[in-house]
Amino acid sequence: MQKARNLAKELKNYLLNEEEGFFIAKKPLKTKKAETITKKDTAQKIVPKVKTVVKDKAVALSELIEQIKKCTRCELGKTRIKAVPGEGNINTKLMFIGEGPGFDEDRQGRPFVGRAGQLLDKIIVAMGFKREEVFIANMVKCHPMKEPNNPEKHGNDRAPNQEEIALCRRYIEEQIALISPDFIVALGSVAGRSLIKDVPTFSAIRGKIYDLNLTYATPAKPIKILATFHPAALLRNPAWKKDAWADLKVLLAAMGREHKSQTNEKQG
Ligand code: URA
């Protein structure tokens with residue numbers, strides 16, 4: 001009896017670790033040899049299944065990252081310094097999707113690490129999360145430049161074009177389907193109009209919750225998506241910050257997190 005209780009306790013702790021998104025278990029669960037498992041040890045039988053599912057997701061995402069790093073489907077793959085696949089908690093409920101890497105991201109291989117990224121970090125905290133709790137990615141994985149022959153030039157960023165978005169689309173869709181968050185924030189017009197609806201004006205879709213429909217991948221469960229201003233747009237037009245915050249409060253309400261949003265009302 002005591003043995004069964006210990007097993008149940010061990011399983012509960014293991015599952016709690018998985019729930020928190022730390023998919024690499026620090027302390028592997030002790031396993032018995034198959035032939036010693038008795039009928040009473042039903043909990044023990046669940047463990048390998050949970051482990052396999054979690055591990056497959058991590059493996060599939062790392063394989064995708066390797067493909068992205070080698071990709072030259074479009075011209076951006078030929079001029080980039082580093083591909084920027086995305087980063088964060090692969091078991092998150094909340095994902096942020098921007099348009100494409102800029103100068104700093106191209107050099108570091110990480111999303112949103114420049115000035116717009118610093119503002120995104122503040123937005124994430126204002127929403128009641130830590131950056132490492134969410135997943136951050138972009139519609140295209142390599143730096144779109146106005147002058148690709150002049151990569152050291154500052155102010156050389158541009159939005160990805162339709163062809164680049166189309167050729168890169170499978171990557172973000174597969175990431176979404178594997179991570180399977182409950183909610184996505186599309187940052188700016190490129191992500192919003194690519195993932196929600198290609199409308200002539202971004203304001204037609206901003207601040208509303210939609211059901212996400214993907215073309216190439218099928219997430220395990222329905223995902224809600226809301227678009228708001230891109231942090232770079234907020235740096236150019238600080239007056240839009242209050243509208244962005246109003247949009248994000250719609251999302252927080254849908255997530256059942258109104259309380260946290262109120263406490264962060266004054267965040268810059
Ligand atoms: N802008 C984006 O859309 N993505 C980044 O990663 C950085 C800036």
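Order of appearance sets the numbers: ligands from 1, and atoms from 1 within every ligand.
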Does an N or O anywhere in Phe112 fall below 3.5 Å from an N or O of ligand 1?
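By distance alone, the answer is yes.
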Of all the atoms in ligand 1, which lie at a distance below 4.0 Å from a heavy atom belonging to His230?
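Numbered from 1, ligand 1 contributes 1 (N), 2 (C), 3 (O).
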Check ligand 1 against Gly98 and write out every atom of the ligand that is under 4.0 Å from a heavy-atom position of the residue.
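Those of ligand 1 that fall under 4.0 Å from Gly98 are 3 (O).
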Given 3.5 Å as the limit, does a donor-acceptor pair link the side chain of Arg206 with the main chain of Ala227, or not?
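Checked: no pair found.
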Just wondering, do Cys142 and Glu164 contact through their side chains at under 4.5 Å, heavy atoms?
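Side-chain contact under 4.5 Å: no.
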For residues Ile136 and Arg110, determine if any side-chain heavy atom of one lies less than 4.5 Å from a side-chain heavy atom of the other.
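Result no, sub-4.5 Å side-chain heavy-atom pair not found.
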Just need the protein heavy atom nearest to atom 4 (N) of ligand 1, so name the residue and atom and give the distance.
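Heavy-atom neighbour on the protein nearest atom 4 (N) of ligand 1: Asn138 OD1, 2.7 Å.
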More than 12 heavy atoms of other groups within 6.0 Å of Lys70 NZ
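Open: at most 12 neighbouring heavy atoms sit under 6.0 Å from NZ of Lys70.
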Ligand 1 versus Glu105, non-hydrogen atoms closer than 4.0 Å: side chain, backbone, both, neither?
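Answer for Glu105: side chain.
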Residues Arg170 and Glu173 bridged, charged N to O under 4.0 Å
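So Arg170 does not pair with Glu173 through a salt bridge.
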Only heavy atoms count here, so choose which of Pro160, Pro144, Gly100, Pro231 is nearest to atom 5 (C) of ligand 1.
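The option holding the nearest heavy atom is Gly100.
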